[in-house]
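Reminder, nothing fancy here: chain letters follow the sequence lines and each chain counts from 1. Computation of the quantities below employed the complete heavy-atom set of this structure, encompassing side-chain atoms and omitting hydrogens, waters and symmetry-equivalent molecules.
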Number of protein chains: 2
Amino acid sequence: MAGDTSKIIPNIEEHESWKTFREYLTAQGLRVTQQRLAIFQAAYFSSDHYTAEDLLDEARKLDESVSRATVYRTLPILTESGLVKEVDIGKDYKFYMSNQGATTFKAQVINVDTDKIIEIDAPFMEWYGKAVAEKLNMEVVSQRLQIEAREVPSSQ
Amino acid sequence: MAGDTSKIIPNIEEHESWKTFREYLTAQGLRVTQQRLAIFQAAYFSSDHYTAEDLLDEARKLDESVSRATVYRTLPILTESGLVKEVDIGKDYKFYMSNQGATTFKAQVINVDTDKIIEIDAPFMEWYGKAVAEKLNMEVVSQRLQIEAREVPSSQ
DNA sequence: TTGGTTGCAAACAATTTGCATCTAA
DNA sequence: TTAGATGCAAATTGTTTGCAACCAA
């Protein structure tokens, strides 16, 4: 096996998310490969937002055989499984983040000076989207609220 | 895409927006060129969302010398002047729309099946973004609320 | 006159894809 | 065994840029 996968989080392979991921692959008729496992681990056990390129770097620390193409081919699997969330803030590349314990609707506050993304709860937004869609006789597939802001040069 | 705009609006060159655009160019030390005027007209007197490529097609109906490069170089001028608004819905190309009479905050409802974009008023969003940003000691630069939805297969 | 603008084509950058090889099942 | 998965490199696609010709002021 290329790359020990249990260095960062103790007993990481016993974490239930592993089971979820393996079962998802199997259920979809997809194979459980070393590369997919490495990419999953790097993607899911991350606490921040990352790009495909960031993910490639991290996954390679776990299995150096991982290629850029496989990262791009695996990301849709991760997002469709619900384990990872795609975050598009209007740049020419996408961000992703682990979807660990996601429940309530989140808005993103983007610091325009640093590009840092802060996720904040915005539970009532969910209701708002539904209400608007209903008026148009539509059903919500997804929604996002993004606020670009900059730090106030804290006076006094 | 909106058709030939000079047929819809009478005396189009007397519309005050022309003055605004020319004054904006001059104020910025930019030249008033035929190409910029054609792109402005195609961009501003359109009632729908359009891509850079759509805009190129429309602008060429007014001045066939307009090139793709000039469209891309003019779009930032139009958005910075406030005459045109950029709408990014997470696709790999951007949409734009005329900012005629825009006052209140708008949300976009995107029909995921047809890619049609519907703009709806969401005035309270403005307040919400400000409140959130304030809590983080930040000031809002811009915000967007997007709802992806699909038509309900109208029963009965 | 002359420095900003233009069209063209080449360059870019993120992402996708064709293909020969590899491997999970 | 064998169909699905991989790495590599080339292709794609929306957008940007270098440059010589052009033209608004």
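Atom CG of B:L75 is separated from atom P of C:dT6 by 12 Å (rounded to the nearest Å). Note: CG (B:L55) to P (D:dG14) measures 15 Å, nearest angstrom. Remark: P of C:dT15 and CG of A:D54 are 11 Å apart, rounded to the nearest angstrom. At whole-Å resolution of the value, OH in B:Y50 and P in D:dG14 are 18 Å apart. One can place OH of B:Y96 at 13 Å from P of D:dG14, the figure rounded to the nearest angstrom. Rounded to whole Å, the distance from CD on B:E86 to P on D:dT15 is 9 Å. Here the P atom of nucleotide C:dG4 and the CD atom of B:Q28 are 14 Å apart, to the nearest Å. The separation between A:L37 atom CG and D:dT6 atom C1' is 14 Å, rounded to whole Å.
Considering only heavy atoms from C-beta on, B:Q108 stays 4.5 Å or farther from B:L145 through its side chain.
A close approach under 4.0 Å does occur between a side-chain nitrogen or oxygen of B:R36 and OP1 or OP2 of C:dT5. Distances shown here put every side-chain N or O of A:Q35 at or beyond 4.0 Å from the OP1 or OP2 atom of D:dA5. At least one side-chain nitrogen or oxygen of B:T33 sits closer than 4.0 Å to the OP1 or OP2 atom of C:dT6. Contact between the side-chain N/O atoms of A:Y72 and the OP1/OP2 oxygens of C:dT15 is found at a separation under 4.0 Å.
Using a 4.0 Å heavy-atom criterion, one finds that A:Y93 contacts the sugar-phosphate atoms exclusively.
Judged by distance alone, the side chains of A:S142 and B:E148 do bring a donor and an acceptor atom under 3.5 Å apart.
Side-chain proximity of B:D92 to the nucleotides D:dG4, D:dG14, D:dT6 is greatest for D:dG14. Side-chain proximity of A:R68 to the nucleotides D:dT15, C:dT15, D:dC23 is greatest for C:dT15. Residue A:A69 places its side chain closer to D:dA9 than to any other of D:dA3, D:dA9, C:dC8. Candidate nucleotides C:dG7, D:dA3, C:dG3 were compared by shortest atom distance to the side chain of B:R31, and C:dG3 ranks first.
Checked by distance alone, B:R73 brings a side-chain donor or acceptor within 3.5 Å of a matching partner on the base of C:dG7.
Between B:L30 and B:K94, the one whose closest nucleotide on DNA chain D sits nearer the 5' end is B:K94.
Between B:F40 and B:W18, the angle of the ring planes goes over 60°, which puts this pair in the perpendicular group of the 30/60° scheme.
The only member of B:V87, B:V84, B:D57 that meets side-chain contact (heavy atoms from CB on, under 4.5 Å) when paired with B:Y50 is B:V84.
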Practice prompt. Just do the salt bridge (Lys or Arg N to Asp or Glu O under 4.0 Å) check on B:E119 and B:K85 with the steps written out, would you?
Written response: CA-CA 12 Å; B:E119 300 256 335; B:K85 187 171 65 162; 3.2 Å; yes
